[in-house]
J.: 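Supplied in structure tokens, the structure appears directly below.
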Amino acid sequence: GDPDPRYYGQSMRPECGTPTPARDEFELALLKAVMDTGKPILGICRGIQAINVALGGTLYQHMEGHRQTQPGTERHQLIRLTPGTPLYAICGKSEIYVNSFHHQNVKQLAPGLVTDGVSEDGYIEAFHDPRHRFLLAVQFHPEIYCGCPDDDHAARLFTAFAEACRA
């Protein structure tokens, strides 16, 4: 299900997926609890959306062209990474190819968050929170292709998260 648009001050449009109120409430409460501890946070897909909404951002309720039909190990969407950001440092490059299985996306970034990566068509695909010791969120699914022979960044993302958890 999609995050309920009421959490970011919008009415639900017909293209929006059906919200799951219990999931929304649980995720928002969990995020607040974890942020209060300072523990590392890695958001993936709905995670980037939930984090952005929880911190005061908005979403596109529906967008075309970001839901691939190929298996998740295939990566055709180019993401340009912002120099100086955590994801850029983790990946060690300015561009990565990722998979794409979503129809919603970050619209207005929540106050304080910083864009780490943008798709070729201009949508935010990754961000971090510089106020938090490790809060990084991505719209793609690196867990699906992590460890594939041609994986050039997903394993490093999970290693960075694991190291932050151990610190």
J.: Is a donor on one side and an acceptor on the other found under 3.5 Å between the side chain of Asp151 and the backbone of Ala155?
T.: yes
J.: With sequence neighbours excluded, tell me which residues meet salt bridge (charged side-chain N to carboxylate O under 4.0 Å, His left out) with Asp129.
T.: Arg131
J.: Taking the ring centre of each residue, are His153 and Tyr145 less than 6.0 Å apart?
T.: yes
J.: Hey, can you tell me if Tyr123 and Tyr60 have their rings parallel, tilted or perpendicular (30° and 60° cut-offs)?
T.: perpendicular
J.: Given the rule that I, L, V, M, F, W and Y join up when any side-chain heavy atoms are under 4.5 Å apart, are Ile79 and Val106 in one cluster?
T.: no
J.: Measure from the side-chain N and O atoms of His76 to the backbone N and O of Gln70, and report whether any donor-acceptor pair falls under 3.5 Å.
T.: no
J.: Of all the heavy-atom pairs spanning Pro3 and Asp24, show the shortest one and how long it is.
T.: CA-OD1, 3.6 Å
J.: Among Val114, Leu55, Leu113, Val138, which one satisfies side-chain contact (heavy atoms from CB on, under 4.5 Å) with Phe127?
T.: Leu113
J.: Can you name the closest pair of heavy atoms from Cys91 and Arg156 and give their distance?
T.: O-NH2, 2.7 Å
J.: Show your reasoning for whether side-chain contact (heavy atoms from CB on, under 4.5 Å) applies to Cys165 and Lys39.
T.: CA-CA 7 Å; Cys165 290; Lys39 291 182 180 186; over 6 Å; no
J.: For the pair Arg23 and Asp2, find out whether any cationic side-chain nitrogen is under 4.0 Å from an anionic carboxylate oxygen.
T.: no
J.: Does Leu31 form a side-chain contact (heavy atoms from CB on, under 4.5 Å) with Glu27? I'd like the steps, not just the answer.
T.: CA-CA 6 Å; Leu31 179 64; Glu27 288 177 350; over 6 Å; no
J.: How close do Ser94 and Tyr88 get, heavy atom to heavy atom, and via which atoms?
T.: CA-CE1, 3.6 Å
J.: Can you see which heavy atom on Pro130 is nearest to which on Gly112, and at what distance?
T.: CD-O, 3.2 Å
J.: Assigning hydrophobic clusters by single linkage (Ile, Leu, Val, Met, Phe, Trp, Tyr; side-chain heavy-atom cutoff under 4.5 Å), is Leu42 placed with Leu87?
T.: yes
J.: Which heavy-atom pair separates Ala164 from Arg133 by the least distance, and what is that distance?
T.: O-NH1, 2.9 Å
J.: Do Met35 and Ile51 sit in one hydrophobic cluster, given that two such residues count as connected whenever their side-chain heavy atoms are within less than 4.5 Å of each other, even indirectly?
T.: yes
J.: Please walk me through it: do Gln77 and Glu120 pass side-chain contact (heavy atoms from CB on, under 4.5 Å)?
T.: CA-CA 8 Å; Gln77 183 170 336; Glu120 284 185 288; over 6 Å; no
J.: With rounding to the nearest 0.5 angstrom, report the CZ to CE distance, Arg6 to Met12.
T.: 9.0 Å
J.: Are Glu125 and Arg80 within salt-bridge range, i.e. N to O under 4.0 Å?
T.: no
J.: Is it true that Asp152 and Lys93 have a side-chain N and a carboxylate O under 4.0 angstrom from each other?
T.: yes
J.: If you round to the nearest 0.5 Å, how far is CD1 of Ile124 from OG1 of Thr115?
T.: 4.0 Å
J.: Gln61 and side-chain hydrogen bond (donor to acceptor under 3.5 Å, both in side chains): which single residue from Lys107, Arg13, Gln10 fits?
T.: Gln10
J.: So how far is it from Ile96 CD1 to Leu78 CG, rounded to the nearest 0.5 Å?
T.: 8.5 Å
J.: Could you measure the distance from the CZ atom of Phe26 to the OG1 atom of Thr20? Nearest 0.5 Å is fine.
T.: 13.5 Å
J.: If two hydrophobic side chains count as joined below 4.5 Å and joins carry through other members, does Ile90 share a cluster with Phe158?
T.: yes
J.: Within the supplied structure, the quantity of interest is the number of heavy atoms (other residues, nucleotides, ligands) at a distance under 6.0 Å from Tyr97 OH; does it exceed 12?
T.: no
J.: Step through the shown structure and confirm whether more than 12 heavy atoms of other residues, nucleotides or ligands are within 6.0 Å of CD on Gln108.
T.: no
J.: If you round to the nearest 0.5 Å, how far is CD1 of Ile41 from CG of Leu135?
T.: 4.5 Å
J.: Within 45 degrees of the axis of the six-membered ring of Phe140 and under 6.0 Å from its centre: does Arg75 put its NZ or CZ there?
T.: no
J.: Say you draw a straight line from CG of Asn99 to NE2 of His141; how long is it, rounded to the nearest 0.5 Å?
T.: 6.5 Å
J.: Report yes or no: do Ile44 and Leu28 belong to one cluster of Ile/Leu/Val/Met/Phe/Trp/Tyr joined by side chain heavy-atom distances under 4.5 Å?
T.: no
J.: Would you mind telling me which of Gln104, Glu15, His103 makes a side-chain hydrogen bond (donor to acceptor under 3.5 Å, both in side chains) with His62?
T.: His103
J.: Please report the shortest heavy-atom distance between His102 and Met63, naming the atom on each side.
T.: CE1-CE, 4.1 Å
J.: Can you confirm whether Asp116 sits close enough to Leu81 that some side-chain heavy atom of one is under 4.5 Å from a side-chain heavy atom of the other?
T.: no
